[in-house]
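Order of listing sets the numbers, starting from 1, for every ligand and every atom in it.
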Amino acid sequence: MVKTKIGVLASGRGSNLQSIIDACEKKEILAEVAVVISDKKDAFALQRAKKHGIKAFFVDPEKYSSRELHENAIVNILQQNKVELVCLAGYMRLLTGVIIEKFEDRIMNIHPALLPAFPGTHGQKDALDYGVKITGCTVHFVVEQMDAGPIIAQAAVTVLENDTVETLAGRILEQEHKLYPKAIELFAKGKLKITGRNVKIKK
Ligand code: GAR
């Protein structure tokens, strides 16, 4: 069976990247991380990739005069590495049409809240401040609008009375690490069918 080639875009510590690498290495998913790309030179995600013998690139946004040109450089690397699925894992940049057109319906993101609630960069804090009793995480396909694409999978997390942003984020992260590989597995097996806003899982 042919492994699906994944390109991961990450801006930070890369714990979700690690969960994807681990699931691939344990053969829980029929996929391999072909390349990791970051917009941050010091992203720990790049070190994680190198440790596993995965190609790792820092593509410096400062070197490009527009978001589109920066993304074009990223697209070139993804294409050179024959990437079939792009996974955003803590990639803190809004994508432009450049990458979305090239990888239509083949870009996923993980978000630390139950979308459409609490989009943006502080999903856990926003949920806590709002006072919801249940939050969680969402894996969704990426469209140009932030955190707005068709939802693939969600996991719920109960908010506890004494939760801080850190404790809540920690429990959400545990679920993220399980949910993202599962969503990738469904993609790799060709089981995801997008119809408008709905993602159906084929039997
Ligand atoms: C994760 O909690 C992910 O859901 C979140 O950033 C964190 C990255 O952690 N993403 C967003 O907030 C996107 N809007 P990681 O670098 O350890 O995977």
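Close approach to Ser15 involves these atoms of ligand 1, each under 4.0 Å from a residue heavy atom: 15 (P), 16 (O), 17 (O), 18 (O). Atom numbering of ligand 1 starts at 1 in the shown order; those under 4.0 Å from a heavy atom of Gly120 are 14 (N).
The N/O atoms of Asn16, backbone and side chain alike, include one that comes under 3.5 Å of an N/O atom in ligand 1. Taking distance alone, with nitrogen or oxygen atoms compared against 3.5 Å, Arg13 approaches ligand 1 more closely than that limit. Considering backbone and side-chain N/O of Thr121, none are found under 3.5 Å from N/O of ligand 1.
Residue contacts with ligand 1 include Gly14, since one or more of its heavy atoms lies under 4.0 Å from the ligand. The shortest separation from a heavy atom of His122 to ligand 1 is not under 4.0 Å, leaving the residue out of contact. Contact between Ser19 and ligand 1 is absent, with no heavy atom of the residue lying under 4.0 Å from the ligand.
The side-chain heavy atoms of His70 and Val98, taken from C-beta on, include no pair separated by under 4.5 Å.
The two residues Val8 and Ala89 come nearest to each other via the heavy atoms CG1-CB, 3.9 Å. Residues Phe44 and Arg13 approach most closely at CD2-O, 3.5 Å, considering heavy atoms. Heavy atoms only, all atoms of each residue included: Pro181 and Glu176 are closest at CD-O, 4.1 Å.
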Requested in this report: Evaluate the salt bridge (charged side-chain N to carboxylate O under 4.0 Å, His left out) criterion for residues Lys125 and Asp129: first the C-alpha distance (whole Å), next the side-chain angles of each, then the deciding distance (0.1 Å), finally the verdict.
Outcome: CA-CA 6 Å; Lys125 180 176 188 303; Asp129 289 349; 2.7 Å; yes
Query - Trace of the side chain to side chain donor-acceptor pair (under 3.5 Å) decision for Gln80 with Asn76 - result: CA-CA 6 Å; Gln80 278 158 18; Asn76 285 339; 5.6 Å; no
Report task. Walk me through it: do Glu71 and Arg67 pass the test salt bridge (charged side-chain N to carboxylate O under 4.0 Å, His left out)? Result -> CA-CA 6 Å; Glu71 238 169 55; Arg67 285 169 61 213; 5.4 Å; no
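Looking only at protein heavy atoms, the nearest one to atom 8 (C) of ligand 1 is Gly90 CA, 3.6 Å. Among protein heavy atoms, the minimum distance from atom 2 (O) of ligand 1 is reached at Glu176 OE2, 2.9 Å. At the top of the distance list for atom 5 (C) of ligand 1, counting protein heavy atoms only, stands Pro112 CD, 3.8 Å.
The part of Leu173 lying near ligand 1 is the side chain, judged by heavy-atom distances below 4.0 Å.
Side-chain N or O atoms of Asn81 include none that pairs as donor or acceptor with a backbone N or O of Val35 at under 3.5 Å.
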